[in-house]
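The chains referred to below are lettered A, B, ... by the order of the sequence lines, with proteins before strands, and numbering in each begins at 1.
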Number of protein chains: 2
Amino acid sequence: MTTSDTANDPTQVRIAWHCTCFNVRRASRAVTEFYDGIMAPSGLKATQFTMLGAVSLMGPASVTRLAERLTLDRTTLTRNLKVLSQQRLVAISAGEDRRERVVSLTDAGQAALDRATPAWHEAQAALVKKFGEERWRRMIEDMAKLGALLNENS
Amino acid sequence: MTTSDTANDPTQVRIAWHCTCFNVRRASRAVTEFYDGIMAPSGLKATQFTMLGAVSLMGPASVTRLAERLTLDRTTLTRNLKVLSQQRLVAISAGEDRRERVVSLTDAGQAALDRATPAWHEAQAALVKKFGEERWRRMIEDMAKLGALLNENS
DNA sequence: GTCATAAAAGTGTAAATACACTTATTAGAA
DNA sequence: TTCTAATAAGTGTATTTACACTTTTATGAC
């Protein structure tokens, strides 16, 4: 930020660079790029690693239940699962309730998860070290709190 | 380790819900939805508001310079600007250096920015209030720091 | 002055995201 | 039992994001 930039309109400056949405989206881009860069050789992106991990954790679960757990729009999850499904990393079958689709991890999915886990650890450890453990922990709490606060009233 | 063992493995739990990337992306989704919900009547999404604000702040500027300022991939910005350009909110013309494209705010763009500013204030104020001013300020700093840390080494 | 190289930008492709709407199925009331 | 309302999921469309690659233009070495 140079002096000539801020000379224009201090109000606009405050809006532009103090915007919570801008800052969290920028942080999201930076972190995603960082994780993806380290995890690329494993064949999984960070988002896909998270989804496979959620499926693994929850066992066979419906799309809606997974979406709730990930705090992700259900239709977004449908589209994201399609990618994993095409790679045969998850299997999607009809549930007992025929309206439901049950998502489960395939053997290939479990293998991919296992293969990517060391890279995830590497990325996570590197970030925590760069940031400082205590501060990192505080920030994770803040971010979780943020999600909880904003999702509860709507 | 069988699949059912994995489902109960505290290590997997730690990975899934302590992942920095997952948490920052989830926070990003929550905040974006919150801002967009409040700003919708103004006709601008939070991301578009940010871009228009950046163009307004920097005056006519090249795509690369804007992308650097927003810490956004240049090709992403090209695509995002296309939307604003089609709505005639920004104008894109050749620079003195013929390789450059210079982006500037149109009158309609300035009007849209002015129209959306009160809604942005409303969203920002509501979030800060919910979160607590001091904690919010700390978090913004942390997120900015995060971006700076991760972008400097690569 | 010519030409190799760097710089600026756009395109092809694909993933992640979500809103509005539709379809299929279950549950519950009359 | 029948039918209406609620639930689960998918589709159409559009935006945001970024990597790999190409095209256009300027710069600098010789």
Side-chain angles (χ1 to χ4, degrees), chain A residues 21-22 24-37 39-41 43-52 61-68 70-87 89 92-103 151 154, chain B residues 21-22 24-37 39-41 43-52 61-68 70-87 89 92-103 151 154:
Chain A
C21 191
F22 165 64
V24 72
R25 289 183 71 90
R26 180 170 59 172
S28 167
R29 289 194 295 269
V31 173
T32 301
E33 192 184 346
F34 183 72
Y35 275 65
D36 280 351
M39 296 185 66
L44 285 183
K45 312 188 80 173
T47 47
Q48 300 171 335
F49 180 78
T50 297
M51 276 190 291
L52 287 183
S62 74
V63 175
T64 296
R65 232 164 70 80
L66 278 169
E68 282 168 355
L70 294 165
T71 328
L72 185 62
D73 187 273
R74 184 186 49 77
T75 69
T76 299
L77 186 56
T78 294
R79 298 277 155 72
N80 292 358
L81 285 173
K82 197 181 169 203
V83 176
L84 298 178
S85 176
Q86 281 169 341
Q87 296 181 285
L89 302 181
I92 303 178
S93 54
E96 196 172 337
D97 182 333
R98 309 281 284 260
R99 291 172 299 183
E100 286 185 353
R101 295 274 163 168
V102 174
V103 185
N151 280 298
S154 63
Chain B
C21 191
F22 165 62
V24 72
R25 289 183 71 89
R26 181 172 58 172
S28 166
R29 290 193 295 269
V31 174
T32 302
E33 193 185 346
F34 183 73
Y35 275 66
D36 279 352
M39 296 184 66
L44 286 183
K45 310 188 82 173
T47 47
Q48 299 171 334
F49 181 78
T50 297
M51 277 190 291
L52 286 184
S62 74
V63 175
T64 295
R65 233 164 71 80
L66 278 170
E68 282 168 355
L70 295 165
T71 330
L72 186 61
D73 187 272
R74 184 186 49 76
T75 68
T76 298
L77 186 56
T78 295
R79 297 278 154 74
N80 292 359
L81 284 173
K82 198 182 169 203
V83 176
L84 297 179
S85 176
Q86 282 168 340
Q87 297 180 282
L89 302 181
I92 303 178
S93 54
E96 196 172 336
D97 182 334
R98 308 284 283 260
R99 293 172 298 183
E100 287 184 353
R101 296 272 164 171
V102 174
V103 184
N151 280 299
S154 62

Among dA16(C), dG10(C), dA9(D), the one nearest any side-chain atom of T64(A) is dA9(D)
Rounded to whole Å, the CG-C1' distance (L66(A) to dG10(D)) equals 16 Å
Rounded to whole Å, the NZ-P distance (K45(A) to dA18(D)) equals 10 Å
note: L77(B), atom CG; dT11(C), atom C1'; distance rounded to Å ~ 15 Å
Between CZ of R101(B) and C1' of dG10(C) the distance, given in whole Å, is 9 Å
query = Can you find a side chain N or O atom of N80(B) that sits less than 4.0 Å from OP1 or OP2 on dT15(D)?
reply = no
CG (L70(B)) and CG (N80(B)) are apart, to the nearest 0.5 Å, by 9.5 Å
Interatomic distance, CG@L44(A) vs CG@L84(A), rounded to 0.5 Å, equals 8.0 Å
Rounded to whole Å, the CD-P distance (Q87(A) to dA14(C)) equals 12 Å
Of the listed dA9(D), dT16(D), dA9(C), the closest approach to the V63(B) side chain comes from dA9(C)
Assign each of T78(B) and Q48(A) the nucleotide of DNA chain C bearing its closest heavy atom; nearer the 5' end lies the nucleotide of T78(B)
Just the table, please: protein N/O against nucleotides 18-22 of chain C N/O, every pair under 3.5 Å.
unit_1  : atom_1 : unit_2 : atom_2 : d
dA18(C) : OP2    : D73(A) : N      : 3.2
dA18(C) : OP2    : T76(A) : OG1    : 3.3
dA18(C) : N7     : T76(A) : OG1    : 3.4
dA18(C) : N6     : R79(A) : NH1    : 2.8
dC19(C) : N4     : T75(A) : OG1    : 2.9

L84(B) atom CG is separated from dT17(D) atom P, nearest whole Å, by 12 Å
Quick check on dT17(D): is either OP1 or OP2 less than 4.0 Å from any side-chain nitrogen or oxygen of R25(B)? no
When rounded to whole Å, the CD to C1' distance for the pair Q86(A) and dT13(C) reads 14 Å
Taking N or O atoms only and anything under 3.5 Å, show me the protein contacts with nucleotides 23-28 of chain D, one pair per line.
unit_1  : atom_1 : unit_2 : atom_2 : d
dA26(D) : OP1    : R98(B) : N      : 3.1
dA26(D) : O4'    : R99(B) : NE     : 3.4

I'd like to check V63(B) versus R74(B) (side-chain heavy atoms, cut-off strictly below 4.5 Å). Are they in contact? yes
Practice prompt. Answer with base, sugar-phosphate or nothing: what part of the nucleic acid does T32(B) contact at a heavy-atom distance below 4.0 Å?
Written response: nothing
In whole angstroms, the gap separating P of dA6(D) from CD of E100(A) amounts to 19 Å
